[in-house]
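Accompanying notes for the structure given below.
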There are 2 protein chains.
Amino acid sequence: MQLFNSLSQIINISTELEKALTSFISKKSFKKNEFLLRADEYCNSLYFVEKGSLRGFYFHEEKEITNWFALEGDFGTSFYPFISKTRSYENIQALEDVEVSVLNNTELKKLYSDFPETEKLGRIILEDYYSKLEERLINIQFKSAKERYSNLMENRPQIIQRVPLGHLASYLGITQETLSRIRAGN
Amino acid sequence: MQLFNSLSQIINISTELEKALTSFISKKSFKKNEFLLRADEYCNSLYFVEKGSLRGFYFHEEKEITNWFALEGDFGTSFYPFISKTRSYENIQALEDVEVSVLNNTELKKLYSDFPETEKLGRIILEDYYSKLEERLINIQFKSAKERYSNLMENRPQIIQRVPLGHLASYLGITQETLSRIRAGN
DNA sequence: CGCCGAGTTGAACTGAATCAAGAAACGTGG
DNA sequence: CCACGTTTCTTGATTCAGTTCAACTCGGCG
């Protein structure tokens with residue numbers, strides 16, 4: 001599992017912990033366009049993308065707004081509902097055929113109490129989400145559409161290759177037409 | 001302390017816990033315009049406003065951008081740096097003469113381990129920050145300047161009364177001129 | 001082959017920024 | 001308590017990035 005690789009870069013994984021993880025984590029597969037979570041459901045699962053890609057999105061005035069993308073090695077969940085046990089406002093969907101490792105909420109709690117070192121993990125994931133959210137806010141508030149696009153280009157070029165234009169546009173907070181023009185180089 | 005009042009609405013405060021809290025929490029006062037935290041410092045303190053008001057802000061291209069306001073009964077800190085122990089990019093400043101209850105990071109940790117029920121507290125504060133951030137993102141992305149202002153008007157009318165226009169404008173992500181026009185009713 | 005979703009292109013429109021003055025309010029010291 | 005300077009707020013004219021609406025192209029797939 002690629003997940004172990006990723007985790008071991010954050011914390012040291014003892015054989016004990018590895019055993020626990022193996023028993024807690026399940027693997028699932030989803031076909032392209034399948035939903036892992038629908039709005040209004042409770043989000044109990046933290047997904048880790050082993051292969052393929054996911055996106056989180058919600059509807060705003062009939063239009064889909066993509067909130068995040070998760071490629072191989074990324075975590076993906078409806079973050080706030082996951083930690084607060086409120087209903088999700090967002091959907092999680094497979095962008096391509098995808099394999100994920102799944103850790104659910106109750107088991108994560110167990111991990112925390114049995115292996116305190118995993119709390120660091122939770123903190124790191126949280127920080128990740130929070131700082132990405134902040135970054136997006138700053139981006140949308142201060143950067144032009146063009147700058148936002150080139151930022152994405154720099155930081156996550158694979159996304160641009162693998163994701164349809166419309167999703168990219170809504171993620172960047174612009175219309176598809178504008179993104180198309182940017183791409184054309186004005 | 002108003003803090004106890006607020007806390008007891010979230011979790012049950014045993015006499016034990018109350019004792020611990022009393023010993024951990026200190027009170028401080030700051031004069032109008034004084035800084036509680038400056039950018040580039042580490043943020044070790046979680047503030048709870050007993051009286052007066054605070055704001056968090058940072059600089060972007062020479063201009064101050066206000067990130068949040070905290071009035072009586074609100075928590076205020078540079079959230080992400082507080083939990084992740086990175087340097088703060090934001091400043092915290094007293095908007096008026098202010099009295100705060102201060103809980104610092106190490107003591108919060110101690111609370112967590114000695115009184116597990118306080119973890120709920122941490123979660124609630126986190127949720128609060130996170131969901132407010134998300135709300136702001138959605139606001140800026142989809143609402144017009146006017147709508148954002150009336151939202152604020154509805155949700156936190158006292159802020160509008162107590163905060164100078166320029167700070168409000170940057171908080172709403174618009175220029176002072178635009179806000180002035182909105183206020184005038186076009 | 002023809003259709004359908006995804007992407008492109010064009011023209012007109014618009015919300016808010018910018019630049020530039022003024023007016024009003026504020027507080028500090030004489 | 002007034003006078004002065006500074007900060008805060010308002011108003012006007014102009015400009016511009018990005019939206020909207022509409023039509024058109026292209027590639028793939030049933």
* **Option passing side chain to side chain contact (heavy atoms under 4.5 Å, CB included) with B:Tyr171 (candidates B:Arg148, B:Arg55, B:Arg136)** => B:Arg136

* Quick one: the side chain of B:Arg181 and the base of C:dG15, do they pair up donor-acceptor inside 3.5 Å? -> no

* Structure fact -> Sorted by position of nearest nucleotide on DNA chain D, 5' first, the leading residue of A:Arg148 and A:Glu177 is A:Arg148

* Parallel, tilted or perpendicular, as decided by the 30° and 60° cut-offs, for the rings of A:Tyr130 and B:Tyr130 -> tilted

* With under 30° as parallel and over 60° as perpendicular, where do the rings of A:Tyr58 and B:Phe142 fit, or are they tilted in between? -> perpendicular

* Of the nucleotides C:dA16, C:dT18, D:dT11, which one has an atom closest to the side chain of B:Ser180? ->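 The closest nucleotide is D:dT11.
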
* **Candidates C:dT18, C:dA17, D:dC9 - which lies nearest the side chain of B:Lys63** =>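 Of the options given, the side chain of B:Lys63 lies nearest C:dT18.
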
Round to the nearest Å and state the distance from [X] atom [atom1] to [N] atom [atom2].
{"X": "A:Ile174", "N": "C:dG7", "atom1": "CD1", "atom2": "C1'", "answer": "14 Å"}
{"X": "B:Glu64", "N": "D:dT7", "atom1": "CD", "atom2": "C1'", "answer": "13 Å"}
{"X": "A:Gln176", "N": "C:dG5", "atom1": "CD", "atom2": "P", "answer": "13 Å"}
{"X": "B:Asn33", "N": "D:dT7", "atom1": "CG", "atom2": "P", "answer": "11 Å"}
{"X": "B:His167", "N": "D:dT7", "atom1": "NE2", "atom2": "P", "answer": "12 Å"}
{"X": "A:Tyr149", "N": "D:dG18", "atom1": "OH", "atom2": "C1'", "answer": "17 Å"}

* **Toward the 5' end of DNA chain C, by each residue's nearest nucleotide, A:Leu165 or B:Gly173** => A:Leu165

* Does D:dG18 have OP1 or OP2 sitting under 4.0 Å from an N or O in the side chain of A:Thr178? -> no

* Asked: Would you say B:Thr175 reaches C:dA17's phosphate, i.e. side-chain N/O to OP1/OP2 under 4.0 Å?
  -> yes

* To do: Specify the closest pair of heavy atoms between A:Ser101 and A:Lys27, including all atoms of both residues, with the distance to one decimal.
  => OG-CE, 4.0 Å

